[in-house]
Every structure is written in structure tokens, then in C-alpha cells.
Number of protein chains: 2
Amino acid sequence: MRRRQEERSQATRAALVGHARRLFAERGYAAVPADEVVAAAGVTRGALYHHYGDKQGLFRAVFEEIEREVTEQVAEAIVGEDDLWQVMLRGLAAFLDACERPEVVRIGLTDAPAVLGWQTWREIEAEHGLGLIIALLERAINEGVIAPQPVPVLAQIVLGALIEAALLIAAAEDRQAARAAAERSVQTLVSGLLVDSAARGAEAPGGRPTQ
Amino acid sequence: MRRRQEERSQATRAALVGHARRLFAERGYAAVPADEVVAAAGVTRGALYHHYGDKQGLFRAVFEEIEREVTEQVAEAIVGEDDLWQVMLRGLAAFLDACERPEVVRIGLTDAPAVLGWQTWREIEAEHGLGLIIALLERAINEGVIAPQPVPVLAQIVLGALIEAALLIAAAEDRQAARAAAERSVQTLVSGLLVDSAARGAEAPGGRPTQ
DNA sequence: ACAGAAACATACATGCGGTACGTATGTCAA
DNA sequence: TTGACATACGTACCGCATGTATGTTTCTGT
């Protein structure tokens with residue numbers, strides 16, 4: 001029974017990931033020396049390279065943690081809702097809520113694709129946020145709400161729109177206004193996918209922009 | 001009249017940007033030492049830091065050159081076309097064509113936001129591709145083709161979708177198939193913005209997906 | 001022709017990432 | 001319990017890359 005050593009490792013990893021997350025979010029991956037992370041975590045470089053192989057490995061762990069959190073936040077927001085359009089509205093809002101945290105924007109949206117490479121980023125994303133969107137779209141097609149089409153492709157493109165919306169909001173001077181406008185724009189865009197957008201608009205009063 | 005010196009500088013800058021462009025495209029900004037760029041360009045670090053201040057400055061120059069090329073390519077493809085929906089279709093196709101070149105994908109779409117920071121990236125983008133999209137959408141609103149709404153926000157989100165589509169194509173095994181599917185998805189998404197999508201679909205036979 | 005500036009080249013300082021190696025502690029089997 | 005081994009680090013060092021400071025040469029205006 002190896003219990004104490006396991007806990008020790010976990011504690012070290014948690015400290016490394018936690019402080020790395022904060023520092024990467026504040027100044028970006030490239031601008032934070034590994035020395036600073038390990039110093040903040042109260043360990044040395046040895047611990048980092050033992051657990052994560054290299055600096056990029058640590059970043060990946062941080063990214064995956066953030067991905068899990070965001071996806072869970074979105075999943076919680078849509079659970080129990082039957083109406084697909086409402087699910088989409090709530091999911092969108094929850095995602096933009098999650099992206100209010102600067103760490104999510106800087107680490108998850110800005111740095112991750114460049115640091116890990118787009119391919120790797122996409123693979124990880126497919127198991128979290130992208131996977132959620134794919135599931136949603138497939139369900140929508142099955143219910144006949146949107147027209148049949150290659151789901152993974154559409155999902156990726158929609159994710160791109162979502163990410164850009166979140167980045168736009170994060171960089172805006174007036175976050176409130178930007179959030180309202182961006183959320184509305186995404187709603188407009190996605191509502192165009194519905195086979196009978198007008199009907200949906202009636203079902204969800206105020207939910208779908210009609211102006 | 002300073003003519004010879006001007007030409008000399010221009011030649012040096014062209015060599016630096018040219019080789020940097022190739023190397024950055026092949027292995028990414030972070031993985032290419034400045035030494036390698038200046039060696040390929042047949043100069044020394046002195047020339048680089050004289051003209052561009054730092055390595056990031058050189059990258060910025062490369063990025064702006066690529067942006068100009070892509071935007072010009074798209075602009076050429078849509079000039080002379082009156083029908084707005086056709087303009088969008090052609091612009092989309094031209095953009096995806098431009099993104100077939102790996103340098104555009106790696107430098108312009110993957111590295112640039114992380115290297116320059118999203119804010120700076122966005123400012124540069126606003127004077128090129130994003131600016132083009134904004135102009136298009138404003139014209140569309142003026143003509144009553146799409147509903148009035150905050151254009152810069154919508155443009156940015158659409159750009160995000162376009163970029164993700166291009167990245168998806170670039171990373172796909174079967175580029176042909178991915179290109180067809182992605183282009184179609186973006187068409188579907190954007191066509192949802194039109195106030196009377198059905199009418200547009202009739203005007204442009206085969207152009208707008210109706211399945 | 002000469003003063004100054006621009007366009008580089010060279011040398012150096014600094015800092016960061018990765019690796020090799022040492023060490024202490026935990027783990028399991030006999 | 002004890003010896004063999006694995007795990008989890010700490011330490012020291014190397015190579016490399018960036019940026020800067022300082023020369024040196026080539027132009028350019030007067």
C-alpha cells in the first residue's frame with residue numbers, strides 16, 4: 001500500500017499547477033521562468049521535471065485543469081434543460097461567464113494553441129468543450145432542429161466563434177457592453193442554423209434576437 | 001537625396017523578413033533562434049536589432065506582410081462583384097485559398113495572437129482582414145441584406161469562425177474533403193445572417209447550401 | 001573634405017531551459 | 001527486520017538564445 005508517497009506527489013503537483021496557473025495567467029507562458037514557478041510552489045526544478053518532463057508539460061497540465069473546470073461549468077448550466085435552443089443559450093452564457101476569468105482567456109484561449117500546437121490543442125479540446133458542442137449539435141440534428149451536416153467541422157467553427165467572442169469581451173474597455181453585444185451576435189449566428197428560426201424565436205421570447 | 005542607403009536597408013529588411021517568414025513557418029516563432037534567421041539572410045544580429053528592435057519586431061513585420069498579401073488576395077477576388085452574397089462566397093473561398101499556404105496558417109493564425117498579444121494582433125488585423133469584413137457587413141446592413149447590429153463585434157466573431165475553419169482544413173488528413181465541408185459550414189453559418197436567406201439561395205444556385 | 005548619421009558587425013552580459021547526477025525517503029519481498 | 005529497489009525530489013552544470021553596448025564602415029548633406 002503506497003499511500004503517503006502518493007499523497008506527497010499529489011500535493012507537489014497541485015502546488016506546481018496552482019502557482020503555474022496564476023503566473024501563466026498574469027504574464028503569459030513565455031514570460032514566466034520555470035524557476036519562478038517552482039520557487040512559488042516551494043520546490044525546485046527537480047520536482048517539476050520529474051512530474052511533467054518539461055515546462056510545456058506543466059503548461060499542459062494547467063490547461064487541462066482549466067478545460068475541465070470550464071466544461072463542467074457549462075455542463076452544469078445546461079443540465080436538466082430539455083429545449084435545445086434554451087440549452088444553447090444557457091451554454092453560451094455559461095461559457096462566456098467562465099471566460100470572464102482572465103486565466104481562462106490567457107491560458108486556455110490565447111497561449112494554449114501556440115504553446116501546445118494547434119493539433120494537440122484540438123485533441124485536448126475535443127475531450128472537453130469541443131466534445132460538448134459536438135454532442136449538442138448531434139442531438140440537434142437528430143431532433144431535426146438543424147439540418148444534417150458534418151458535425152465535427154461545424155462544431156469546430158462554432159467553437160472558433162465562441163472563443164473570439166470571449167477574447168473580444170476580455171479585451172474590451174466596457175466589458176458589460178461588449179458581453180451583451182457579443183452574446184447577441186453569437187446567438188444571431190447560431191440561430192441561423194435552425195431549420196425554422198422564426199418558430200424558435202417565438203418559443204423563446206427575448207432569448208433570440210429578432211431586431 | 002538618400003537613395004543608395006535606402007535601397008540597401010530595404011534589401012536587408014527584405015532578406016530578413018523573407019527568411020524569417022520561411023523559418024517561422026517551418027518550425028514556429030519560438031523554435032527559431034534569431035541567429036538562424038540572420039545567418040540565412042546573410043547578415044548578423046546587428047542588422048536585425050537595428051531595423052526591428054527585437055525578435056518580436058521582426059515577427060510583427062513578417063505577420064504584417066502576410067496580412068497584406070492575404071487581404072489583397074481576398075480583395076482581388078471580390079472586386080467587380082455587385083451581389084453581396086456572391087461577394088461573401090468569393091471572399092470566403094479566397095480566404096481559404098490563401099490559408100492553404102502553411103506560412104499563413106502557422107504565422108498568421110497560430111503564432112501571431114500569442115506572440116504579439118491578442119490586443120496587438122487585433123489592431124493589426126483591423127487594418128487588414130478584419131477591416132475587410134467590417135466593410136462588407138456595413139455594406140450588407142446598409143443594403144438591408146442583414147439586420148442592423150454592432151458590426152465590429154459581429155465581424156470579429158465571424159473572423160474567429162473563418163480562422164478556425166482554415167486551421168481545421170490545414171490540420172486535416174484529407175484537405176480536399178475538409179475544405180469542402182468547412183467552406184460549406186461557414187456558408188451555412190453566415191447565410192443565417194441574411195434577413196431573407198431563402199431568396200438569396202435562389203439567386204445563387206448551388207452557392208448557398210440548402211440541404 | 002568633413003562632420004554626422006545611418007547601417008551594420010562584434011563582443012559581451014545575462015538569463016533560461018534541460019540534463020546529469022546525487023540523495024533521501026518510501027515500498028515491498030524474503 | 002533488512003536488504004534491494006523505486007520514487008521523489010535537490011543541486012550543479014552546460015548550452016543556447018536574447019538583448020545590449022560598443023566598435024567600424026559606408027553613406028549623405030554641407
Side-chain angles (χ1 to χ4, degrees), chain A residues 1-24 26-63 107 111-112 114-117 120, chain B residues 1-63 107 111 114-117 120:
Chain A
M1 185 220 334
R2 51 180 60 182
R3 190 67 251 168
R4 290 213 39 90
Q5 195 158 199
E6 188 71 31
E7 288 172 12
R8 190 184 166 201
S9 291
Q10 251 184 319
T12 300
R13 279 195 291 263
L16 281 172
V17 168
H19 289 276
R21 177 176 174 151
R22 181 176 49 82
L23 292 167
F24 289 162
E26 286 170 6
R27 312 206 307 272
Y29 171 80
V32 176
D35 279 327
E36 198 172 340
V37 176
V38 297
V43 293
T44 63
R45 308 175 59 76
L48 194 164
Y49 285 90
H50 174 70
H51 285 292
Y52 297 105
D54 57 1
K55 192 189 170 191
Q56 182 179 314
L58 174 61
F59 178 85
R60 185 189 171 116
V62 172
F63 173 57
I107 296 174
D111 279 356
V115 172
L116 302 175
T120 305
Chain B
M1 188 221 331
R2 52 180 59 182
R3 191 65 250 173
R4 288 213 45 86
Q5 195 157 199
E6 188 71 30
E7 287 172 13
R8 189 185 167 199
S9 291
Q10 250 183 319
T12 301
R13 278 195 292 262
L16 282 172
V17 168
H19 289 275
R21 176 176 175 152
R22 180 176 48 84
L23 293 168
F24 288 162
E26 284 170 6
R27 311 206 308 271
Y29 171 80
V32 176
D35 279 327
E36 200 172 338
V37 176
V38 298
V43 293
T44 63
R45 308 175 58 73
L48 194 164
Y49 284 89
H50 175 71
H51 285 291
Y52 297 106
D54 58 1
K55 191 189 170 190
Q56 183 179 315
L58 174 61
F59 178 85
R60 185 189 171 116
V62 172
F63 173 56
I107 297 175
D111 279 356
V115 172
L116 302 175
T120 304

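Computed from a predicted structure; not experimentally measured.
Every side-chain contact (heavy atoms from CB on, under 4.5 Å) that A:Arg22 has, sequence neighbours left out, goes to A:His19, A:Glu26, A:Ala40. For B:Ser9, the side-chain contact (heavy atoms from CB on, under 4.5 Å) partners at least two apart in sequence or on another chain are B:Arg13, B:His51. Residues passing the side-chain contact (heavy atoms from CB on, under 4.5 Å) test with B:Ala114 are A:Asp111, A:Ala114, sequence neighbours excluded. Partners of B:Glu36 by side-chain hydrogen bond (donor to acceptor under 3.5 Å, both in side chains), not counting sequence neighbours, listed by chain and number: B:Arg27. Scanning for salt bridge (Lys or Arg N to Asp or Glu O under 4.0 Å) contacts around A:Arg45 gives A:Asp35, with sequence neighbours left out. In this view, B:Ala11 satisfies the side-chain contact (heavy atoms from CB on, under 4.5 Å) rule with no residue, not counting sequence neighbours.
Listed by residue number, the members of residues 54-61 of chain B with any heavy atom below 4.0 angstrom from DNA chain D are B:Asp54, B:Lys55. Using a 4.0 Å cutoff on non-hydrogen atoms, no part of residues 17-36 of chain B comes near DNA chain C.
Of the possible polar contacts, none joining the A:Tyr52 side chain to the A:Phe59 backbone as a donor-acceptor pair under 3.5 Å is found.
Rounded to an integer number of Å, the gap from CG of A:Leu48 to P of D:dT11 is 15 Å. In this structure, the OH atom of B:Tyr52 is 12 Å from the P atom of C:dA7, given to the nearest Å.
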Do any N or O atoms of the protein come closer than 3.5 Å to N or O atoms of nucleotides 8-10 of chain C, and which pairs are they?
{"unit_1": "C:dC8", "atom_1": "OP1", "unit_2": "B:Thr12", "atom_2": "OG1", "d": "3.0"}
{"unit_1": "C:dC8", "atom_1": "OP2", "unit_2": "B:Thr12", "atom_2": "OG1", "d": "3.1"}
{"unit_1": "C:dC8", "atom_1": "OP2", "unit_2": "B:His51", "atom_2": "NE2", "d": "2.9"}
{"unit_1": "C:dA9", "atom_1": "OP2", "unit_2": "B:Thr44", "atom_2": "N", "d": "2.7"}
{"unit_1": "C:dA9", "atom_1": "OP2", "unit_2": "B:Thr44", "atom_2": "OG1", "d": "2.5"}
{"unit_1": "C:dA9", "atom_1": "O5'", "unit_2": "B:Thr44", "atom_2": "OG1", "d": "3.2"}

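In terms of heavy atoms, A:Pro33 sits closest to A:Ala31 at CD-O, 3.5 Å. Residue B:Ala61 comes nearest to B:Val17 through the heavy atom pair CB-CG2, 4.1 Å, listed as atom of the first residue, atom of the second, then distance.
Across the helix from C:dA1-D:dT30 to C:dA30-D:dT1, the helix axis at one end is tilted relative to the axis at the other end by 10° (nearest 10 degrees, each axis from five pairs).
Evaluation of the salt bridge (Lys or Arg N to Asp or Glu O under 4.0 Å) test over residues 50-62 of chain B, restricted to residues two or more places apart or in two chains, returns B:Arg60-B:Glu64.
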